[in-house]
Amino acid sequence: MTMEHIKLGTKAVWAGEKDYLVHGATQVPVVLSVAYGYDDMDEWYDVAIGKKKGHIYGRNTNPTVQAFEDKIKILEGAEAATSFSTGMAAISNTLSTFLVPGDRIVSIKDTYGGTNKIFTEFLPRQQVEVALCETGNHEQIEAEVAKGCKILYLETPTNPTVKITDIERMAKAGKAVGALVIVDNTFATPINQNPLTLGVDLVIHSATKFLGGHADALGGVVCGSKDLVEKIYHFREINGATMDPMAAYLILRGMKTLHLRVRQQCENAMRLATYLQNKQLVEAVYYPGLETHPHHEVAKKQMRHFGGMLSFAVKGGVDTVRDLLPKLQYANRAANLGAVETTVGPARTTSHVECTPEERAAMGIPEGLIRISCGIEDIEDIIADFEQAFNHVENALEV
């Protein structure tokens, strides 16, 4: 049975590893060598110019890193993939590869805070015009794209309010004007969503998050056609945002359980979102799996499951956040997501810490918003933990 005919869970375990096993090992080794030696000068040259497979220097390629790239490209159904030191390196290097002064990019307001800073601070400084549209307003996005753009950049679900954009519809709009369509697929993961099958050109992941899944390794990756990925790889190999081999190994190991982890995280997120809807202190719950979510139907159309991320806004704003979160016993209060442990935090210290309160407000992110990355724990324990935390805050308010 060929790799393209097996299911995602099997691919997560087996894809991309066979060529890198050595001496009968069943696991891909961590290759820490910076340089690779050759006695044959002609062979060395052929490897150096890409005529022959091999490695010459760690900033360019590495066997462990390549195994990771091969696994994610198979999971995303891509021709090629290239990796980076972090998710933001993947985003910034990809944009820098294709944008020059005078170009125009269209995106949405609800991107991750670091990405938003690129759009609002760095790209304008490089004379790149940026048009940011209301997330979910497909007509507005289409109108801006129709004016012409080099890149249409989307993030769906968004961080932290988990808004959804119709990928297939937007890809068609981008193609109509010859734009490169890029989607950040970090929240969905390839288990829940494959944007390339919906007409997208490039898919980006912060591999630090769900792909690795254990909060112990930084990384990023972009997947797409061989031609486009080669251009991005060339920019990255010169600018040097290379993935560390040990990080590649840790993420590769984490990906073996990706389908199991994500399945549990999706189930937990749905149950927790449903619970939060009925809490007195909660003003709003944001989760695309809820029928009350404004983009539920779009999510249902393009996602297999609704993801392990949700957020909710509390009455009392920051003061309630300060009181509620320290009471949780089984949740890390930290600026990370996608790990096996449940992780919580307000946008003001996690996804959009780089932004001012005014900038967050303009993006529709209240100061009392709490982002939750569901872990793989028994959800009954997590709900009970939130219940006791809410009880503490409610009792204090009554006093």
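Because the structure is a prediction, the values reported are computed rather than measured.
The existence of a salt bridge linking K73 and E79 is excluded, since no basic side-chain nitrogen approaches an acidic carboxylate oxygen closer than 4.0 Å. In this structure, K256 pairs ionically with E17, as a charged nitrogen and a carboxylate oxygen lie closer than 4.0 Å. Between K52 and E43 there is a salt bridge, with a side-chain nitrogen of the basic residue lying less than 4.0 Å from a carboxylate oxygen of the acidic one. Comment: K150 engages D103 in a salt bridge, judged by a side-chain N to carboxylate O separation of less than 4.0 angstrom. The pair R169-E139 counts as a salt bridge, with a side-chain nitrogen and a carboxylate oxygen less than 4.0 angstrom apart. Taking the charged nitrogens against the carboxylate oxygens, E155 and K163 have no contact shorter than 4.0 Å, which rules out a salt bridge. Electrostatic pairing of K327 and D385 does not count as a salt bridge here, judged by no charged N lying under 4.0 Å from a carboxylate O. Ionic pairing of R263 and E267 is not present here: no N-O contact between side-chain nitrogen and carboxylate oxygen is shorter than 4.0 angstrom.
For the pair D184/T111, no side-chain contact is recorded, criterion being any heavy-atom separation below 4.5 Å from C-beta on. Side-chain atoms of I204 and V183, non-hydrogen and from C-beta on, never get closer than 4.5 Å to each other. Contact of the L8 side chain with the H259 side chain is not registered, since no non-hydrogen atoms from C-beta on lie closer than 4.5 Å. The shortest distance between side-chain heavy atoms of Q329 and Q388 falls below 4.5 Å. W14 places none of its side-chain heavy atoms less than 4.5 Å from the side chain of I74. A 4.5 Å side-chain heavy-atom check between F84 and S206 finds every atom pair outside the cut-off. In this structure, the side chains of M303 and P157 come closer than 4.5 Å at one or more pairs of heavy atoms.
For the atom pair S92 OG and I118 CD1, the distance stands at 5.0 Å (nearest 0.5 Å). Atoms CD1 and CD1, from I376 and I382 in turn, are 10.5 Å apart once rounded to the nearest 0.5 Å. The CG atom of L272 sits 12.5 Å away from atom CD of Q265, with the distance rounded to the nearest 0.5 Å. Here I72 contributes atom CD1 and T189 contributes atom OG1; the two are 8.5 Å apart, rounded to the nearest 0.5 Å. For the atom pair CD1 of I191 and CG of L75, the computed distance is 6.0 Å after rounding to the nearest 0.5 Å. A distance of 6.5 Å separates CZ in R104 from SG in C149, rounded to the nearest 0.5 Å.
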Could you give me the CA-CA distance, side-chain angles and deciding distance for T343 and I372, then say whether side-chain contact (heavy atoms from CB on, under 4.5 Å) is met?
CA-CA 6 Å; T343 305; I372 307 175; over 6 Å; no
Stepwise side-chain contact (heavy atoms from CB on, under 4.5 Å) test for F187 and T156:
CA-CA 7 Å; F187 266 31; T156 181; over 6 Å; no
What's the verdict on side-chain contact (heavy atoms from CB on, under 4.5 Å) for V203 and E76, showing C-alpha distance, side-chain angles and the deciding distance?
CA-CA 8 Å; V203 172; E76 282 291 9; 3.5 Å; yes
Should V318 and R322 be marked as a side-chain contact (heavy atoms from CB on, under 4.5 Å) after you check the CA-CA gap, both sets of side-chain angles, and the distance that decides it?
CA-CA 6 Å; V318 175; R322 288 195 187 102; 3.4 Å; yes
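A distance-only check finds a donor-acceptor pair linking the side chain of D40 to the backbone of D42 [under 3.5 Å]. Without hydrogens or angle criteria, E168 side chain to D166 main chain gives no donor-acceptor distance under 3.5 Å. In terms of modelled atom types and a separation under 3.5 Å, the side chain of T86 and the main chain of A89 share a donor-acceptor contact. Under the 3.5 Å distance criterion, the side-chain polar atoms of T64 are matched with a main-chain donor or acceptor of V31. Between the side chain of S85 and the backbone N or O of M243, no donor-acceptor pair lies under 3.5 Å. Side-chain atoms of N268 come within 3.5 Å of backbone atoms of E377 as a donor-acceptor pair (strictly under, hydrogens ignored). Checked by atom type and distance alone, the side chain of T97 pairs as donor or acceptor with a backbone atom of N93 at under 3.5 Å.
No path of Ile, Leu, Val, Met, Phe, Trp and Tyr side chains, each step under 4.5 Å between heavy atoms, connects F235 with V65, placing them in separate hydrophobic clusters. Placement of Y233 and L99 in two distinct hydrophobic clusters is found when ILVMFWY residues are connected by side-chain heavy-atom separations under 4.5 Å, directly or transitively. Note on L337: it does not cluster hydrophobically with M88, by side-chain heavy-atom contacts below 4.5 Å among ILVMFWY residues. The cluster map of Ile, Leu, Val, Met, Phe, Trp and Tyr, joined by side-chain heavy atoms under 4.5 Å apart, puts V262 and I251 in the same cluster. Under the 4.5 Å side-chain heavy-atom criterion for ILVMFWY residues, no single connected hydrophobic cluster contains both I164 and L154.
Residues Q66 and T61 bring no donor and acceptor atom of their side chains to less than 3.5 Å of each other. No side-chain donor from either of H205 and T186 sits under 3.5 Å from a side-chain acceptor of the other. Side-chain N/O atoms of Y275 and E387 include a donor and acceptor closer than 3.5 Å. Side-chain contact annotation: R304 with N194, donor-acceptor N/O pair under 3.5 Å present. Inspection of the D227 and S225 side chains reveals no N or O donor paired with an N or O acceptor under 3.5 Å. Using modelled atom types and a 3.5 Å distance limit, the side chains of N185 and Q193 yield a donor-acceptor pair. Side-chain polar atoms of T10 and K7 form no donor-acceptor pair below 3.5 angstrom.
Of all heavy-atom pairs between G212 and R261, the closest is O-NH2, 3.8 Å. The heavy-atom pair separating A78 from C223 by the smallest distance is CB-CB, 3.7 Å. In terms of heavy atoms, M270 sits closest to G289 at CE-O, 3.5 Å. Here the closest heavy-atom approach between residue Y287 and residue G307 is recorded as OH-O, 2.6 Å. Considering all non-hydrogen atoms of both residues, L152 and M170 come closest at CD2-O, 3.3 Å. Contact detail for D201 and A179: the closest heavy-atom pair is OD2-O, 3.8 Å.
Using cut-offs of 30° and 60° for the angle between ring planes, the F312 and F390 rings count as tilted.
Heavy-atom contacts from other residues, nucleotides or ligands closer than 6.0 Å to OH of Y38 number more than 12. Counting non-hydrogen atoms of neighbouring residues, nucleotides and ligands closer than 6.0 angstrom, the NZ atom of K226 reaches no more than 12 such neighbours. Atom CD of E380 is surrounded by more than 12 heavy atoms from other residues, nucleotides or ligands within 6.0 Å. By the neighbour-count criterion of 12 heavy atoms within 6.0 Å, atom NZ of K18 is sparsely surrounded, having that number or fewer from other residues, nucleotides or ligands.
The residue from I182, L180, L132, L95 that alone fulfils the side-chain contact (heavy atoms from CB on, under 4.5 Å) condition with I105 is L95. Looking at T158, T135, T165 one by one, the single match for side-chain hydrogen bond (donor to acceptor under 3.5 Å, both in side chains) with D110 turns out to be T135. Across T292, L369, L276, a single residue satisfies side-chain contact (heavy atoms from CB on, under 4.5 Å) together with Y286, and that is L369.
For Y153 and F119, the ring centers are positioned less than 6.0 Å apart. Aromatic ring centres of H296 and F306 lie closer together than 6.0 Å.
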